[in-house]
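Worksheet: one structure, shown below.
All values reported here derive from a predicted model rather than from experimental measurement.
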Amino acid sequence: MNKKFQVAGDLLLELLDCVPVEARDKVRRAIEFVLDKHDMQTRPGGELAIVHLMRVGLRAARYTAAEAPADTVELVQSALCHDVVEDTKTAPTEIAELFGAAVANNVAAVSHYEEEEPDEVYLSRVEQGGKNAVLTKRFDRLDNIETLVNAPADFRAKKLAEVRAALPIWHRIDPEGALEIESTLQKVEEVSNG
C-alpha cells in the first residue's frame, strides 16, 4: 500500500466504507488525486493536509448516505478536492477534466482568491456555487473548527471569533449548517475555556 495511503489509513477505509459500491472507484480516483497533489503537505500545526481532506470527505460520504445518495460521487469528490486549487498548483480545468464540471464548479466556489477575502464576499461566492458547494464548505468549516481545540490559544480565539462573526451569513445561505456550526463553535469554546 502507498505510504501516503497509510497515513490516512483508518479515515480512508471508513470513507470508502460509507460510499456505495458502485461509486467507490470514482471516489478512490479523487482520493488518489489529492494524495498525489497534496503529497506530504502540512496544515498550520503540523497535521498532514490529507488527513483533513479525508475527514471532510468522510463527512460528505456520511451526509450523502443519510440525505442524498444520488449526489454521493459529486459531493464526496468535491469535499476531497476542496483545497487542491487553493493549496497546490492545480488548475480548475484539471479538476473539470478528471471529475467533471460540477465538481470543478464546487471546488472553484470554495477556493479563496485572496488570503484576507471578507466572509461576505467569499460565502456569497460559495452560495452562488450551489447546494453542493455550500455543503462542501460546511463540512470543511466544521472540521476546521474542531481542529482548533489543539491550536495555540491566540490563534484559536481569533479563528473562533471570525467564524462566529460569519454566523449570520451562514444562517442565510445554509440554515441547517449554521446550527451545526454554531453548536460546534460552542463545544470548542467550552473546551477552550474549560
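- The shortest distance between side-chain heavy atoms of E146 and R55 does not fall below 4.5 Å.
- Within the 4.5 Å cutoff, the side chain of R141 has no heavy atoms near those of the E180 side chain.
- Contact detail for A30 and Q77: the closest heavy-atom pair is CB-CG, 3.7 Å.
- K187 and E182 are not joined by a salt bridge, as no carboxylate oxygen comes within less than 4.0 angstrom of a charged side-chain nitrogen.
- Residue R24 holds its CZ atom at 9.0 Å from SG of C18, rounded to the nearest 0.5 Å.
- The CD atom of Q41 sits 9.5 Å away from atom CG of L48, with the distance rounded to the nearest 0.5 Å.
- Residues R156 and V149 approach most closely at NH1-O, 3.2 Å, considering heavy atoms.
- In this structure a side-chain-to-backbone donor-acceptor pair under 3.5 Å is present from D174 to G177.
- Using a 4.5 Å cut-off on side-chain heavy atoms (C-beta onward), V134 and W170 make contact.
- For E74, the side chain to side chain donor-acceptor pair (under 3.5 Å) criterion is met by N106, N132, not counting sequence neighbours.
- Atom CG of D25 sits about 9.0 Å away from atom CD of E32, to the nearest 0.5 Å.
- Aromatic ring centres of H52 and H82 lie closer together than 6.0 Å.
- Closest approach of A61 and T64 over heavy atoms only: O-OG1, 3.0 Å.
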Atom pairs and distances, side-chain donor-acceptor, residues 89-98, under 3.5 Å, sequence neighbours left out:
unit_1, atom_1, unit_2, atom_2, d
T90, OG1, T88, OG1, 2.7
E94, OE1, K37, NZ, 3.3
E94, OE2, K37, NZ, 3.2

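- Using a 4.5 Å cut-off on side-chain heavy atoms (C-beta onward), D140 and T136 make no contact.
- Between E120 and R172 there is a salt bridge, with a side-chain nitrogen of the basic residue lying less than 4.0 Å from a carboxylate oxygen of the acidic one.
- Distance check: I31 CD1 to L12 CG gives 4.5 Å after rounding to the nearest 0.5 Å.
- Residues F139 and I145 are members of separate hydrophobic clusters, defined by side-chain heavy-atom contacts under 4.5 angstrom among Ile, Leu, Val, Met, Phe, Trp and Tyr.
- No side-chain heavy atom of L123 sits less than 4.5 Å from a side-chain heavy atom of E127.
- Placement of F33 and M40 within a single hydrophobic cluster is found when ILVMFWY residues are connected by side-chain heavy-atom separations under 4.5 Å, directly or transitively.
- Looking at L13 and D17, their side chains never come closer than 4.5 Å, going by heavy atoms from C-beta outward.
- The CG atom of L135 sits 8.5 Å away from the CG atom of D71 when rounded to the nearest 0.5 Å.
- The cluster map of Ile, Leu, Val, Met, Phe, Trp and Tyr, joined by side-chain heavy atoms under 4.5 Å apart, puts Y63 and L15 in different clusters.
- The two residues P20 and T72 make their nearest non-hydrogen contact at CD-CG2, 3.7 Å.
- Residues T147 and R43 form a side-chain contact, since some pair of their non-hydrogen atoms from C-beta on lies under 4.5 Å apart.
- With hydrophobic clusters built from ILVMFWY side chains whose heavy atoms lie under 4.5 angstrom apart, M54 shares a cluster with V107.
- Aromatic rings from Y113 and Y122 are positioned such that their centres are separated by 6.0 Å or more.
- In the hydrophobic clustering of this structure, V73 does not group with L80; members are Ile, Leu, Val, Met, Phe, Trp, Tyr whose side-chain heavy atoms approach within less than 4.5 Å, directly or through other members.
- Rounding to the nearest 0.5 angstrom, the gap separating the CG atom in L53 from the CG atom in L58 is 12.5 Å.
- A salt bridge links E162 with K159; the closest basic N to acidic carboxylate O contact falls under 4.0 Å.
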